[in-house]
Amino acid sequence: IRSLTEEQSLKLVMGIDCSKSVSSSEFESFKKEAEGIILSAEKDVRFALAPFHDKSFFEAAFTDNKDEITDKLNSFNQKGKETLLYNSIYDSIELLLKNGKGRSAVIVWTDGKDEGSGITADDLAFFARNSGIPIVFITSERSINLKVMNRISKISGGSVYFKGKIEELR
């Protein structure tokens, strides 16, 4: 991720799917890729972590302390019975909106499965677009939810990347 001027500081919320719908090997690869992005970031990039399963919450909100954020990331475990993907992304957009101006995005490592969220994919996509915050998904090329992720990312101004092939994102 390239360096930006102070006025253009970049805030990223990194959503990590910690649900059991993701295989354990895929979950570990999600964490490894997220760590790679954190470690390659310039000093003016601030991160928040948004792990989700049947709950949506934040860890280490908007810090540039790479040790702190990678320690938190590496402590995540899989749990829960549902996957509140859309709720987590919606909450992440709200967090970004509350934290001032500047460039921002939500990056989510997921299989795209949503269970139990109180909003729809279209609600989420249009909320993101109207907020000016793109949603970027990193997923498997074989995800059965790829069509929905493509729609959300396109409407929001984001993209879909396939895990293991995210070099362009850095």
Side-chain angles (χ1 to χ4, degrees), residues 1-19 22 29-52 56-64 66 69 73 83-114 117-141 143 145-170:
I1 298 173
R2 69 177 197 271
S3 179
L4 303 168
T5 65
E6 189 64 34
E7 309 84 61
Q8 295 178 309
S9 67
L10 180 59
K11 291 185 190 101
L12 296 175
V13 177
M14 302 176 82
I16 308 292
D17 189 337
C18 297
S19 71
V22 175
S29 74
F30 287 170
K31 292 193 315 184
K32 186 173 179 71
E33 284 187 347
E35 182 177 33
I37 288 177
I38 293 165
L39 295 175
S40 69
E42 298 292 334
K43 65 179 179 172
D44 51 1
V45 179
R46 307 282 183 266
F47 294 97
L49 294 174
F52 60 93
S56 167
F57 53 98
F58 297 106
E59 294 281 351
F62 299 120
T63 182
D64 62 355
K66 292 179 182 184
I69 200 111
L73 174 67
T83 309
L84 298 179
L85 171 63
Y86 301 158
N87 281 5
S88 177
I89 297 171
Y90 188 95
D91 294 345
S92 296
I93 294 167
E94 284 191 324
L95 179 68
L96 286 163
L97 292 172
K98 289 177 188 172
N99 277 276
K101 295 185 179 186
R103 295 185 41 178
S104 58
V106 178
I107 304 173
V108 185
W109 282 263
T110 184
D111 60 0
K113 184 176 184 178
D114 179 85
S117 286
I119 60 171
T120 68
D122 280 349
D123 292 338
L124 176 63
F126 288 106
F127 176 60
R129 183 176 75 185
N130 293 338
S131 300
I133 297 173
I135 300 169
V136 176
F137 288 101
I138 301 171
T139 192
S140 167
E141 292 176 78
S143 173
N145 302 298
L146 191 54
K147 185 175 180 181
V148 175
M149 288 185 280
N150 274 321
R151 178 171 166 72
I152 293 169
S153 65
K154 184 173 184 173
I155 291 170
S156 73
S159 304
V160 173
Y161 293 92
F162 297 117
K163 68 182 183 73
K165 301 176 182 176
I166 61 167
E167 296 78 25
E168 315 89 55
L169 189 57
R170 291 187 185 184

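Quick note: residue numbers are just sequence positions, from 1. When reading the values below, keep in mind they use all heavy atoms of this one structure, side chains included, and skip hydrogens, waters and symmetry mates.
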Do you know which two heavy atoms are closest between [X] and [Y], and how far apart they sit?
| X | Y | answer |
| --- | --- | --- |
| M149 | T110 | SD-CG2, 3.9 Å |
| T139 | L146 | CG2-CD1, 3.9 Å |
| A128 | S156 | CB-CB, 3.6 Å |
| S104 | P134 | O-CD, 3.4 Å |
| T83 | S117 | O-OG, 4.5 Å |
| I37 | F47 | O-CZ, 4.2 Å |

When you compare the side chain of [Y] with that of [X], does any pair of heavy atoms fall below 4.5 Å?
| X | Y | value |
| --- | --- | --- |
| S92 | F58 | yes |
| D122 | R151 | yes |
| F137 | I135 | yes |
| K154 | N150 | no |
| W109 | M14 | yes |
| F52 | N87 | no |

Excluding sequence neighbours, so at least two apart, what forms side chain to side chain donor-acceptor pair (under 3.5 Å) with T120?
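Partners of T120 by the side chain to side chain donor-acceptor pair (under 3.5 Å) criterion, ordered by chain and then number, come out as D123.
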
Could you work out, with side chain to side chain donor-acceptor pair (under 3.5 Å) as the rule, every residue matching S56, not counting sequence neighbours?
D91

Nearest 0.5 angstrom please: [X] [atom1] to [Y] [atom2], how far?
| X | Y | atom1 | atom2 | answer |
| --- | --- | --- | --- | --- |
| E59 | I69 | CD | CD1 | 9.0 Å |
| F57 | L49 | CZ | CG | 10.0 Å |
| I138 | S143 | CD1 | OG | 13.5 Å |
| D17 | L84 | CG | CG | 10.0 Å |
| K43 | S9 | NZ | OG | 12.5 Å |
| I16 | I107 | CD1 | CD1 | 9.5 Å |

Can you spot which of N99, V106, V45, L95 makes a side-chain contact (heavy atoms from CB on, under 4.5 Å) with K11?
N99

Among all residues two or more places apart in sequence or in another chain, which pass the salt bridge (Lys or Arg N to Asp or Glu O under 4.0 Å) test with K31?
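In terms of salt bridge (Lys or Arg N to Asp or Glu O under 4.0 Å), with neighbours along the sequence ignored, K31 is linked to E28.
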
Restricting to salt bridge (Lys or Arg N to Asp or Glu O under 4.0 Å), what partner residues turn up for K113, sequence neighbours left out?
E115

Run the ring-ring contact (aromatic ring centres under 6.0 Å, His included) test against F62 and tell me which residues pass, sequence neighbours left out.
none

Residues two or more places apart in sequence or in another chain: which of them pass side chain to side chain contact (heavy atoms under 4.5 Å, CB included) with L97?
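In terms of side chain to side chain contact (heavy atoms under 4.5 Å, CB included), with neighbours along the sequence ignored, L97 is linked to I93, F127, S131, I133.
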
